[in-house]
Number of protein chains: 2
Amino acid sequence: MNKVLPIMESCASCPIRHRAVCARCDDDELEQLNQIKFYKTYAAGQTIAMRGDALDVVASVVAGTATLERAIEDGRTQLVGLLLPSDFIGRPGRDTLQYDVTAVTDVTLCCFQRKPFEALLIRIPHVQERLLEMALDELDAARDWMLLLGRKTAREKIASFLMLIAKRTVHPDGRVLGDLSRIELPISREAMANFLGLTIETVSRQFTGLRKDGVIELDGNRSVRIPDLETLLLESGDDSDGGPLI
Amino acid sequence: MNKVLPIMESCASCPIRHRAVCARCDDDELEQLNQIKFYKTYAAGQTIAMRGDALDVVASVVAGTATLERAIEDGRTQLVGLLLPSDFIGRPGRDTLQYDVTAVTDVTLCCFQRKPFEALLIRIPHVQERLLEMALDELDAARDWMLLLGRKTAREKIASFLMLIAKRTVHPDGRVLGDLSRIELPISREAMANFLGLTIETVSRQFTGLRKDGVIELDGNRSVRIPDLETLLLESGDDSDGGPLI
DNA sequence: ACCACGCATTGACACAGATCAACGGAGGGT
DNA sequence: ACCCTCCGTTGATCTGTGTCAATGCGTGGT
């Protein structure tokens, strides 16, 4: 809890401000948001919320990684959302949650009670607008993901995932946060398998395949070096016209 | 074009009003929407818009079926959206379209020029709210779809698809439009294959499999009778706690 | 230093679904 | 009535990925 204190002062100093709901607020509006917000932390592995839970808060991810998961009774599960810093959880206007939310690393959330938050939406229209924009972004991401799940080979799935993570280490405003050629995987092999609609064995085999072909270099289990991003992009099967890499 | 004329009078008489953007508008606000709206029809098979196109209109589907499609250069394609009457196309705030939109039957759209529509959003807040709600609905649907693509067997995929279509013949307000036990498939085997991440051969085989097992009865290529909806639900692999059937 | 546990890798084999190929049947134009 | 085309079905075979099982490796606890 301690290490997140600095950013608790004000939303204005929030490191995720650029994508969060408050992206376009002036100081006055930030103050209104500040009055109803609070921070909450979860340990790695902890369940943040379960399908069917009443949804009385909405939140932005400040630090860490969480997953949105959908399961069938027989044990099959599919990740349906990967929540990285700046992503938003929860939906104004909904009463219950549709998915299991789990912290896969230590997670810090910036929470808002849903009711006062909804009341605030009425007073601050561009927050509403921002939420729509974020929902549409998520929808686009979900649709690309559907193409991946439905039509890509295991190798393409892994390559696409690596590209996705590489891209997420970059600010939407274009500022590079990390070294694109070295990415830290935020999730385990098992979570990756659930992300990609594969088994962990296949994920593992594809990693070694890409390594043997010189497309990636592994440095431990969670760190990947990418000698040439273009080669990886080629492996991913993505349209190259999908906008600039950054 | 002729047969859609009656609904062109006013949004208030629009048969899809219950889910369209104007769901909660009063007469005054409807009038404002009416002033910027116009209808457009497309023949079956016609391309409505292509990936990369400038997005100067948004629209509701009034009649017919359209698809949202994402493709890889080598010819693989994946449906990422099925647009049935009352669904909304286009996104305020976006300049270009991410997907190919195709009319699979004759389609009638209720269109709004994007710029005046966006201007209107500012004046009528619950339209904005309604759009967010619809985007979140679509997101939920996309996520269920991801579970289907990533984790379900071919047979479960077909059963799920039939359930989906069966449910869509019912109003969200609970009113049953058609006979649930007889459903008309809005799309071809090929489109179904693209919907489900399968090949048309597999789709065909699963249909005959379900038929031989007495789960469905086929009446031509586009009409399916379902003797017992519960049996089909069981085959679909869906949580039964996913809310009431209707 | 040792063990135990969780996570990742590797191998052998099985199988669901893809691929390739042939056939059937409905509708439309001449 | 005929053919042609499109769409769907069925069969034979192949293959990518799942399944089952064993092994390796790093980390934390005692």
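Just so we're on the same page: letters track the sequence lines, and every chain starts at 1.
Within the 4.5 Å cutoff, no side-chain heavy atoms of B:L83 are placed close to those of B:T67. Counting heavy atoms from C-beta outward, A:T65 and A:V107 have side chains that stay 4.5 Å or more apart.
Interatomic distance, CG of A:L109 versus OH of A:Y42, reported as 5.5 Å (0.5 Å rounding). The OG1 atom of A:T153 lies 8.5 Å from the NZ atom of A:K157; values are rounded to the nearest 0.5 Å. In this structure, B:L79 CG and B:E190 CD are separated by 9.5 Å, a value rounded to the nearest 0.5 Å. Atom CD of B:E217 and atom OG of B:S223 lie 10.5 Å apart (nearest 0.5 Å). Rounding to the nearest 0.5 Å gives a distance of 9.5 Å between CZ of B:R182 and CD1 of B:I226.
Rounded to whole Å, the distance from CZ on B:R189 to P on C:dG25 is 16 Å. One atom, CG of B:L196, and another, C1' of C:dA18, lie 15 Å apart when rounded to the nearest Å. Rounded to whole Å, atom P of C:dG17 lies 7 Å from atom CG of B:L198.
Between the side chain of B:D213 and the backbone N or O of B:V215, no donor-acceptor pair lies under 3.5 Å.
Here A:S188 does not reach the OP1 or OP2 of C:dC7: none of its side-chain N or O atoms lies under 4.0 Å away.
Within residues 202-222 of chain A, the residues approached by DNA chain D to less than 4.0 Å at the level of any non-hydrogen atom are A:T202, A:R205, in residue-number order.
Within 4.0 Å (heavy atoms only), B:G197 reaches sugar-phosphate atoms of the nucleic acid but no base atom.
The side-chain hydrogen bond (donor to acceptor under 3.5 Å, both in side chains) search around A:T202 returns A:T199, not counting sequence neighbours.
Aromatic ring pairs are classed by plane angle as parallel below 30°, tilted from 30° to 60° and perpendicular above 60°; the pair A:F195 and A:W145 is parallel.
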Where do N or O atoms of nucleotides 4-6 of chain C meet protein N or O atoms at under 3.5 Å, pair by pair?
none

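Under the salt bridge (charged side-chain N to carboxylate O under 4.0 Å, His left out) criterion, the residue pairs touching residues 139-150 of chain A are A:D140-B:R91, A:D140-B:R94, A:R143-B:E138, A:D144-B:R70, with sequence neighbours excluded.
For the helix from C:dA1-D:dT30 to C:dT30-D:dA1, the axis fitted to the five pairs at one end and the axis fitted to the five pairs at the other end meet at an angle of 30° (nearest 10 degrees).
A cation-pi contact, defined as under 6.0 Å to the ring centre and within 45° of the axis, links B:R189 to B:F207.
Along DNA chain D, the nucleotide closest to A:A154 and the one closest to A:E201 are compared, and the more 5′ of them pairs with A:A154. Residues A:I200 and B:T153 both approach DNA chain C. Their nearest nucleotides, taken by heavy-atom distance, put A:I200 toward the 5′ side.
First and last contacting nucleotides of DNA chain D toward chain B (any atom under 4.0 angstrom from a heavy atom, 5' to 3' order): D:dG8 to D:dA12.
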(request) Please test A:F88 against A:M134 for side-chain contact (heavy atoms from CB on, under 4.5 Å), starting from the C-alpha separation and ending with a verdict. (result) CA-CA 8 Å; A:F88 192 78; A:M134 289 170 74; 3.4 Å; yes
